[in-house]
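Below: one structure, written as structure tokens.
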2 protein chains.
Amino acid sequence: MTPATAKKLSFKQQQLRFREDAILDAVNRLLSRKGFDLMTMDEVAAEVGISKASLYKHFESKEELAAASMTRLLEQTLDHAHSLAAELSPLKRLKAVMRWAVTAHLDGAMPSLPSTRSNIQHALIGYAPYAERVGQLTELLGGWILQAQDTGDLSPDLPGEVILYTIYARSCDPVSDFLKTGGAFTDDEIVGYVERTCFNGITGSPDPVA
Amino acid sequence: MTPATAKKLSFKQQQLRFREDAILDAVNRLLSRKGFDLMTMDEVAAEVGISKASLYKHFESKEELAAASMTRLLEQTLDHAHSLAAELSPLKRLKAVMRWAVTAHLDGAMPSLPSTRSNIQHALIGYAPYAERVGQLTELLGGWILQAQDTGDLSPDLPGEVILYTIYARSCDPVSDFLKTGGAFTDDEIVGYVERTCFNGITGSPDPVA
DNA sequence: GTCTATAAACCGATAGAC
DNA sequence: GTCTATCGGTTTATAGAC
């Protein structure tokens, strides 16, 4: 393979990657706005600016398209989690990940967890790259939770499962959507309320400023 | 109108009411299991055991059917809330309503809140009987929340809006579905965890047994 | 790879017989 | 009021020209 050919191939691959990233961006927005069941392939194609047939040249089904989008989102979440300073306490790292996710959710870039009632759930768990990322994130956050329970920063008498699912669910909490629709609060305030009610409940006091 | 005629009419009306209650029961189950968008009128008819055309003799559209089901559910919620002993503190009444709702949710009788991403939301708010019940429940629970904030049982520095939406959302929390799917906990344990994390957060201690 | 056009399936709603 | 049969519209996915 000559350098020229290699360059041309690489350029084509870059173009392909760029186009597919644009598609996944659109899917991400539509998934956040309407959810999997209400999102149509026509809308995706229109949002990207290509035809539906071209879309199917890149992704062979609606399920695979959504799975690719969710997988990329989990990779971004893992990247953000790994980027957190090591000197932060596990509790602060968990809070930081949650704040990041809720902020993305309010920006329309974080779809809600595929609920038990959606068609996509079964397809996702059978999609290896997605399941692998879920496992990685669960392992990472699960370790932080155990550490935070050891120091008493999180309730030691609460099953780790309950804490993990609670953090996952609060990261795309419908409460933030309702508060945003109300229009009485800024996005930062909403993120603060969701974080506070998740960690301290609605009976607890706000954390003292560090 | 003769007594005989009145009796016959009443009987027919009872039959009608009974049939429509059976329809709403089926809608309630399907709404809990699949949500509005994935529920089909064919399924509803099949679950009740009548034909789709007959179904349309009772309710003139899918939206009205869902609205009637949700309205009845809100009435049942209001009935339960009003039945609570007056000597209970506002906080305990709020917790009781939430436990009741989560229990119903785990039994497949409490559909999730119509999310912002569903087609049904706009139809519901334009459906007067539904909107009226939502207003009544919000007024009732909102009053309890204010009282609980006055006594310090709920955080006084949290907007009532945030507390109300949080209680609403936690009443059909997906966390309970995930925990139930896991199979490691009984329904009572799950209800307890959801209540505790809602009111005390994941950092707080369990409430001492009264 | 991109397009237009279309196939195949599904769903909400209705017509018309009984 | 209940049924069977069907319409009209939408959606996923593909065929075939360029």
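Below, chains carry the letters A, B, ... as their sequence lines are ordered, and counting in each starts from 1.
Looking at the side chain of Tyr56(A), the nearest of the listed nucleotides dA13(C), dT2(D), dA13(D) is dA13(D). The side chain of Ser61(A) approaches dA13(D) more closely than any other nucleotide in the set dA13(D), dA13(C), dT2(D).
Using a cut-off of 4.0 Å between Lys/Arg side-chain N and Asp/Glu carboxylate O, Arg72(A) and Asp25(A) are scored as salt-bridged. A salt bridge is defined here as a Lys NZ or Arg NE, NH1 or NH2 lying under 4.0 Å from an Asp or Glu carboxylate O, and Arg170(A) with Asp173(B) meets this definition.
Summarising the geometry, the separation between NZ on Lys57(A) and P on dT14(D) is reported as 10 Å, rounded to the nearest angstrom. Note: CZ (Phe36(B)) to C1' (dC11(C)) measures 12 Å, nearest angstrom. Atom CD in Gln14(A) sits roughly 14 Å away from atom P in dG1(C) (whole-Å rounding). Remark: P of dT4(C) and CG of Leu55(A) are 14 Å apart, rounded to the nearest angstrom. One atom, CZ of Phe59(A), and another, P of dT2(C), lie 12 Å apart when rounded to the nearest Å. In this structure, the CG atom of Asp42(A) is 14 Å from the C1' atom of dA7(C), given to the nearest Å. A straight line from NZ of Lys52(A) to C1' of dT4(C) spans 11 Å, rounded to a whole angstrom. As a whole-Å value, the separation of Asp37(B) CG from dT12(D) P is 13 Å.
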Q.
What verdict does the side chain to side chain contact (heavy atoms under 4.5 Å, CB included) test give for Thr77(B) and Leu137(B), after you've listed the backbone C-alpha separation in whole Å, the side-chain angles of each residue and the deciding distance to 0.1 Å?
A. CA-CA 8 Å; Thr77(B) 307; Leu137(B) 190 61; 4.1 Å; yes

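Annotation: of the two residues near DNA chain C, Lys62(B) and Ala53(B), the 5′-most nearest-nucleotide partner is Lys62(B). Taking for each of Ser51(B) and Met39(A) the nucleotide of DNA chain D with the nearest heavy atom, the 5'-most of the two is the partner of Ser51(B). Along DNA chain D, the nucleotide nearest to Leu38(A) and the one nearest to Leu16(B) differ in position, and the one closer to the 5' end is contacted by Leu16(B).
In this structure the side chain of Asp153(A) never reaches within 4.5 angstrom of the side chain of Lys92(A), judged on heavy atoms.
Here Arg19(A) reaches the OP1 or OP2 of dT2(C): one of its side-chain N or O atoms lies under 4.0 Å away.
Backbone-only engagement by Thr40(B) is indicated by non-hydrogen atom pairs under 4.0 Å involving sugar-phosphate atoms exclusively.
None of Leu31(A), Ile50(A), Leu55(A) except one satisfies the side-chain contact (heavy atoms from CB on, under 4.5 Å) rule with Val44(A); the exception is Leu55(A).
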